[in-house]
Amino acid sequence: MTSKDTVYPRLSALFVGAHPDDIEIGSAGTIAKLVQIGWDVHCCVLTSEQDTKIAQTRENEAREAGRILGVPSGNIFFMHFPDSFLETTGETVGRFREVLHDRKLNPDLIFTHTEADSHNDHRAAYSLVVAAFRKKPILNFATVNSLIRSNFKPQVFIETADYLEAKKRALMLHKSQSTRIDADAITALNDNFAKKVGLGSIEPFEVTLQEGSEDLLYLILGLNDSPFHNFWYPLLREQSLYIVHSVPVYRNDKKYDWPAFKEQEGIELFYETFSRLWYDSNPVRSKSSENHAVDELLHTSNILLSGSGVSNRLTRDHFEHFKGLRYHVNYAMPDYQNLSIYDDATGRTITAQYYKDKTGTVMPGIDYGILTILKNPLNERRNLIGCMGIHGFGTLACFRAISSHIHISKLLSFIDFPLQHTGYQVIVEYDIQQEKVDIIEDSWHVIQK
């Protein structure tokens, strides 16, 4: 057999629900989508009704619903734990693992309930899955009937517009639960999340990334249709991000006369974007580079350095000395004159472009910034982002690039997450009069270890 003929195993997913309709309520569209794109999908229902006739009816409904979504009947199985009394014990975890072993089932990705739920069986299902699977990523769906909405913090949003009809039909097949399943409430919940992240019809999921499952994070990112979360989740996870901002510098001979505080405008845009899209407390904090206490953050935290070495002490004292960087903001002393970006690889100098307005005032027409994304050299368990313009406009442009779905999508076409290399640098151009930000594709630089 030649390498061209090698057959690779299909990716597999296991959906685990406490009751026969829970999986369809939270993730029917995603099931149909995974089947359509070639995943091997299995479904497990953990509990059964005490009344055997009702239990059999509900099992039949679950199999029919699975068939509508493309899941073979043989891929749907039932643990028969008692309904309303599901617990995570050594016995239940052991029985679950035995069944998985007997079925030779070792899924790449698991879907189950969120812990943000008032139903004891749903919370136990979450706990049981976490206990049964090690070194596996888990996506947690919402069951709207008992969801604690304020505690549900999704970071993955899977587009399911093409599978809405299949989901509707699957839910309708649970006829014994027709008074319980509220299709309008399910749609309203998902549409609310979709609107906030700028997507169409979606199903939202939290992420439970267990220790040792980081190598499978790419599976989650490959399914996530929110560029913002695909960029920021692997960088931050559940950690904070400290923006260390610059401070104004004093010049004896000031040759420029344009609005200041463009960096601050970028920081405010960035903070507002996180407040709107990050479904947890906003992780962004801001500190001044004048404060020497922030030096310790370089060793402990995710850092965003805002501003070049002209006005940011940490950029000047630390960042500019990291190995492997291609781009730096250069300037001449005294008085911080002749600002430009220097390209170490080519020896080329990139300068801002200026014009005089009607009053003769020199104004920037085009500015440039250096956007850097890398593992923090002082703590490789954390990450460092740099937004460093020739002037404040270039810094603002970098903030816009990491806040916009369109620009982040472009960044993601070059960046591999989790970071396979130490990091990346790219030049961002800002046409100030047109208020147009552009990522210069041929400027990409991979920072090697």
Side-chain angles (χ1 to χ4, degrees), residues 114-116 137 140 150-157 196-197 205-211 213-214 217 220-221 224 226-247 263-307 312-315 317-319 322 371-388 395-396 398-404 408 411-412 415 417-419 422-424:
T114 173
E115 196 177 21
N140 309 107
S150 60
N151 291 348
F152 184 55
K153 312 295 184 184
Q155 306 287 9
V156 171
F157 305 87
K196 288 186 177 181
V197 298
F205 300 90
E206 292 175 327
V207 179
T208 301
L209 199 63
Q210 302 198 90
E211 188 67 27
S213 64
E214 290 83 359
L217 179 59
I220 294 173
L221 302 180
N224 195 4
S226 169
F228 180 86
H229 295 86
N230 258 2
F231 183 83
W232 285 107
Y233 178 75
L235 288 174
L236 300 186
R237 309 280 178 84
E238 290 77 34
Q239 302 157 1
S240 296
L241 174 67
Y242 286 89
I243 299 177
V244 180
H245 62 80
S246 65
V247 295
E263 175 197 9
Q264 184 60 33
E265 184 179 325
I267 292 172
E268 291 173 359
L269 167 67
F270 184 69
Y271 188 87
E272 183 278 328
T273 303
F274 260 93
S275 296
R276 179 166 42 88
L277 297 181
W278 202 253
Y279 286 99
D280 203 343
S281 58
N282 193 324
V284 179
R285 311 285 184 267
S286 183
K287 302 283 186 180
S288 170
S289 60
E290 273 190 319
N291 183 351
H292 282 264
V294 300
D295 290 56
E296 181 59 27
L297 292 176
L298 277 174
H299 298 270
T300 61
S301 306
N302 297 303
I303 297 292
L304 194 160
L305 291 176
S306 175
N312 189 310
R313 183 182 57 80
L314 263 67
T315 302
D317 293 350
H318 296 278
F319 177 84
F322 292 151
L371 177 60
T372 306
I373 301 104
L374 76 158
K375 292 180 181 178
N376 187 341
L378 301 179
N379 181 349
E380 287 209 348
R381 295 180 63 86
R382 299 292 182 265
N383 295 295
L384 188 149
I385 297 91
C387 293
M388 301 164 184
T395 301
L396 169 61
C398 291
F399 276 109
R400 289 191 174 183
I402 57 176
S403 302
S404 156
I408 287 176
L411 293 173
L412 289 171
I415 297 174
F417 284 122
L419 292 175
T422 303
Y424 302 84

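FYI, side chains are in, hydrogens and waters are out, and symmetry mates aren't considered; it's all heavy atoms of this structure.
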Salt bridge (Lys or Arg N to Asp or Glu O under 4.0 Å) partners of Arg276, counting only residues at least two apart: Glu272
Which residue pairs pass the side chain to side chain donor-acceptor pair (under 3.5 Å) test when at least one of the two sits in residues 371-385, sequence neighbours left out? Thr372-Gln425
Could you pull out all residues at least two apart from Pro227 that satisfy side-chain contact (heavy atoms from CB on, under 4.5 Å)? His405, Ile408, Ser409, Leu412
If the condition is side chain to side chain donor-acceptor pair (under 3.5 Å), which residues does Glu214 pass it with, not counting sequence neighbours? none
Taken to the nearest 0.5 Å, the spacing of Ile385 CD1 from Leu305 CG works out to 9.0 Å
Check: Phe417 and Asn230 side chains under 4.5 Å, non-hydrogen atoms: no
Value rounded to 0.5 Å, distance of CG in Asn312 from CD in Glu290: 10.5 Å
Among residues at least two apart in sequence or on other chains, which ones pass ring-ring contact (aromatic ring centres under 6.0 Å, His included) with Phe205? Phe111
Criterion side-chain contact (heavy atoms from CB on, under 4.5 Å) on Phe231 and Ile402, from CA distance to verdict: CA-CA 8 Å; Phe231 183 83; Ile402 57 176; 4.2 Å; yes
Minimum heavy-atom separation for Gly307 to Glu263, with atom names? N-OE2, 4.3 Å
Should the heavy atoms of other residues, nucleotides or ligands under 6.0 Å from NZ of Lys153 be counted, would the total exceed 12? yes
Below 4.5 Å, heavy atoms only, C-beta onward: do Ser226 and Val156 meet side chain to side chain? no
Could you tell me whether the side chain of Asn302 and the main chain of Ser240 form a donor-acceptor pair under 3.5 Å? yes
Can you sort out the partners of Glu206 under salt bridge (Lys or Arg N to Asp or Glu O under 4.0 Å), two or more places apart, ordered by chain and number? none
Among all residues two or more places apart in sequence or in another chain, which pass the ring-ring contact (aromatic ring centres under 6.0 Å, His included) test with Tyr233? none
To the nearest 0.5 Å, what is the distance between CE on Met388 and SG on Cys398? 9.0 Å
For residues Ala401 and Leu411, report the shortest heavy-atom separation together with the two atoms involved. O-CD1, 3.9 Å
Can you list the residues that meet the side chain to side chain donor-acceptor pair (under 3.5 Å) rule with Ser301, with sequence neighbours excluded? none
State the CD-CZ distance between Gln264 and Phe399, to the nearest 0.5 angstrom. 9.0 Å
Looking only at heavy atoms, which two atoms of Asn224 and Gln155 are closest? And how far apart? ND2-O, 3.1 Å
Measure the shortest side-chain to side-chain distance between Thr422 and Phe322 over non-hydrogen atoms and say whether it is less than 4.5 angstrom. no
What residues, two or more places apart in sequence or in another chain, satisfy side chain to side chain donor-acceptor pair (under 3.5 Å) together with Thr395? none
Side chain proximity check, Asn140 to Val207, heavy atoms < 4.5 angstrom: no
Looking only at heavy atoms, the pair that brings Ser288 and Val294 closest together is O-CG1, 3.6 Å
Out of Tyr279, Phe274, Phe270, which residue meets the ring-ring contact (aromatic ring centres under 6.0 Å, His included) rule with Phe228? Phe274
Scanning both residues in full, the closest heavy-atom pair of Val284 with Asn282 reads N-OD1, 2.9 Å
Does Ile267 reach the side chain of His245, with side-chain heavy atoms less than 4.5 Å apart? yes
Atom pair CG (Leu297) and CD1 (Ile243), whose distance is rounded to the nearest 0.5 Å: 12.5 Å
Rounded to the nearest 0.5 Å, what separation is found between the CH2 atom of Trp232 and the OG1 atom of Thr273? 10.5 Å
Donor-acceptor pair, distance only, cut-off 3.5 Å: does the side chain of Ser286 make one with the backbone of Tyr242? no
Within a strict 4.5 Å, meaning less than it, do heavy atoms of the Thr315 and Ser289 side chains meet? no
Could you list the residues that satisfy side-chain contact (heavy atoms from CB on, under 4.5 Å) with Pro137, not counting sequence neighbours? Leu109, Leu209, Ser213, Leu216, Ile220
Under the salt bridge (Lys or Arg N to Asp or Glu O under 4.0 Å) rule, collect the residues that match up with Arg313, sequence neighbours excluded. Asp295, Asp317
All ring-ring contact (aromatic ring centres under 6.0 Å, His included) counterparts of His229, not counting sequence neighbours: Phe157, Trp278
